[in-house]
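Contents: one structure, followed by commentary.
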Amino acid sequence: ETVRRELDDAIPLTVKIRTGWDESTPNYLRIGRLAQEAGLAAVTLHGRNRKQMFTGEAVWDAVAELAAALDIPVLGNGDIRTAEQAVSWLRESGCAGVMIARGALADPWIFRQARDLLAGRPVEQPTLAMRREALLAHCDRLTAALPERAALHRMRKMSSLHLDGIEGGAELRRRLLGPSRDLPDFRAAVDQLFSELVDGRAA
């Protein structure tokens, strides 16, 4: 209520919540109603409680229950890893929209694919060239934001996501990171690896 009063009326205020503190104390309906009464524009519900963190499975029945209980838009969040899941949960829960977090790290094309599904258009799968471009763009952004050593360390952690869905991804990641002592090494390894994948020579 305090934040809503301090904001300009033209600025929408939203909140993201979980189902409760733990399994024994679900409070999403109460908090959702309080948010609506305070004049918030929308509520996002992540279908896990605070104690779960990112373990277990998101409970989308809770999203559906909250969407039915409120007049303001409810967005659902949790365990959306494919465009098909995004569209399925959107339709089955009756929520106004979905938020995608970790699923977009492995598949940044998921948003466009979900829009295509909703519009009845064919879903385009990312090509190897698109995956290479995304990986290097990620590297460029990290390089611009972090010292080189920190950027390389982050790319070592994130590269497995970029290779997710490619056959033999674990072995490809090992090959990609093995010779990488600095960012130029890393970029050269990326170019070589994807060139071999395109040529069909990589295992």
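Every heavy atom of this structure was used, including side-chain atoms; hydrogens, water molecules and symmetry mates were not.
- Side chain of R131 to backbone of D164: a donor-acceptor contact under 3.5 angstrom is found.
- Atom CG of N49 is separated from atom CG of D22 by 6.0 Å, given to the nearest 0.5 angstrom.
- At least one donor-acceptor pair under 3.5 Å links the side chain of W60 to the backbone N or O of G78.
- Scanning both residues, T19 and A62, for their nearest heavy atoms gives CG2-CB, 4.1 Å.
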**Study point:** Stepwise side chain to side chain contact (heavy atoms under 4.5 Å, CB included) check, D185 with L152
**Key:** CA-CA 10 Å; D185 278 348; L152 180 60; over 6 Å; no
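- Among residue pairs with one or both ends in residues 29-47, none qualify as salt bridge (Lys or Arg N to Asp or Glu O under 4.0 Å); sequence neighbours excluded.
- Residues P184 and E148 meet the side-chain proximity criterion, which asks for heavy atoms closer than 4.5 Å.
- A distance of 9.5 Å separates CD in E1 from CG in L40, rounded to the nearest 0.5 Å.
- Heavy-atom neighbours of R141 CZ from other residues, nucleotides or ligands within 6.0 Å: at or below the threshold of 12.
- Looking at V15 and I31, their side chains never come closer than 4.5 Å, going by heavy atoms from C-beta outward.
- Using a 4.5 Å heavy-atom threshold, the side chains of L136 and D191 count as touching.
- Placement of I80 and M99 in two distinct hydrophobic clusters is found when ILVMFWY residues are connected by side-chain heavy-atom separations under 4.5 Å, directly or transitively.
- Looking only at distances, a side-chain donor or acceptor of S93 sits under 3.5 Å from a matching main-chain atom of W89.
- Atom CZ of F194 is separated from atom OG1 of T127 by 9.5 Å, given to the nearest 0.5 angstrom.
- Using modelled atom types, no side-chain atom of T14 and backbone atom of A41 make a donor-acceptor pair closer than 3.5 Å.
- Residues G76 and C95 come closest through the heavy atom pair N-SG, 4.0 Å.
- The side-chain heavy atoms of R81 and D107, taken from C-beta on, include no pair separated by under 4.5 Å.
- Summarising the geometry, atom CD belonging to Q52 is positioned 10.0 Å from atom CD belonging to E57; distances are rounded to the nearest 0.5 Å.
- Contact annotation: the side chain of D79 never approaches that of Q85 to less than 4.5 Å [non-hydrogen atoms, C-beta and beyond].
- With sequence neighbours left out, S160 forms a side-chain hydrogen bond (donor to acceptor under 3.5 Å, both in side chains) with no residue at all.
- Here the closest heavy-atom approach between residue P26 and residue E23 is recorded as CD-O, 3.7 Å.
- Shortest non-hydrogen contact noted between A69 and L29 is CB-CD2, 3.9 Å.
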Exercise for review: Given side chain to side chain contact (heavy atoms under 4.5 Å, CB included), test L105 with M158 step by step and report yes or no.
Suggested key: CA-CA 8 Å; L105 294 176; M158 301 299 293; 4.1 Å; yes
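- The shortest distance between side-chain heavy atoms of T2 and R5 falls below 4.5 Å.
- With a 6.0 Å radius and a threshold of 12 heavy atoms from other residues, nucleotides or ligands, E133 has its CD atom at or below the threshold.
- Around atom CG of D61, no more than 12 heavy atoms belonging to other residues, nucleotides or ligands sit under 6.0 Å away.
- Contact detail for A151 and L183: the closest heavy-atom pair is CB-CD1, 4.2 Å.
- One distance of note links CZ of R4 with CG of L13; it measures 5.5 Å at 0.5 Å rounding.
- Every residue meeting the side-chain hydrogen bond (donor to acceptor under 3.5 Å, both in side chains) condition with H46, not counting sequence neighbours, appears here in chain and number order: R48, N77.
- Following chains of ILVMFWY side-chain contacts shorter than 4.5 Å, one cannot reach W109 starting from F111, and the two form parts of different hydrophobic clusters.
- Looking at heavy atoms from C-beta onward, R91 lies in side-chain contact with L118 at the 4.5 angstrom threshold.
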Exercise for review: Step by step, work out the side chain to side chain contact (heavy atoms under 4.5 Å, CB included) result for Q113 and Q125.
Suggested key: CA-CA 8 Å; Q113 292 171 339; Q125 298 300 325; 3.7 Å; yes
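- Checking D140, T143, D182 one by one against R187, the side-chain hydrogen bond (donor to acceptor under 3.5 Å, both in side chains) holds for a single residue, D140.
- V190 and L128 fall within the same hydrophobic cluster, where Ile, Leu, Val, Met, Phe, Trp and Tyr residues are linked whenever their side-chain heavy atoms come under 4.5 Å apart, directly or through other members.
- In the hydrophobic clustering of ILVMFWY residues, with side-chain heavy atoms under 4.5 Å counting as a link, I100 and L75 come out apart.
- Enclosure of atom CZ in R121 by more than 12 non-hydrogen atoms of other residues, nucleotides or ligands within 6.0 angstrom is indicated.
- The cluster map of Ile, Leu, Val, Met, Phe, Trp and Tyr, joined by side-chain heavy atoms under 4.5 Å apart, puts F54 and Y28 in different clusters.
- Using a 4.5 Å cut-off on side-chain heavy atoms (C-beta onward), M155 and L135 make contact.
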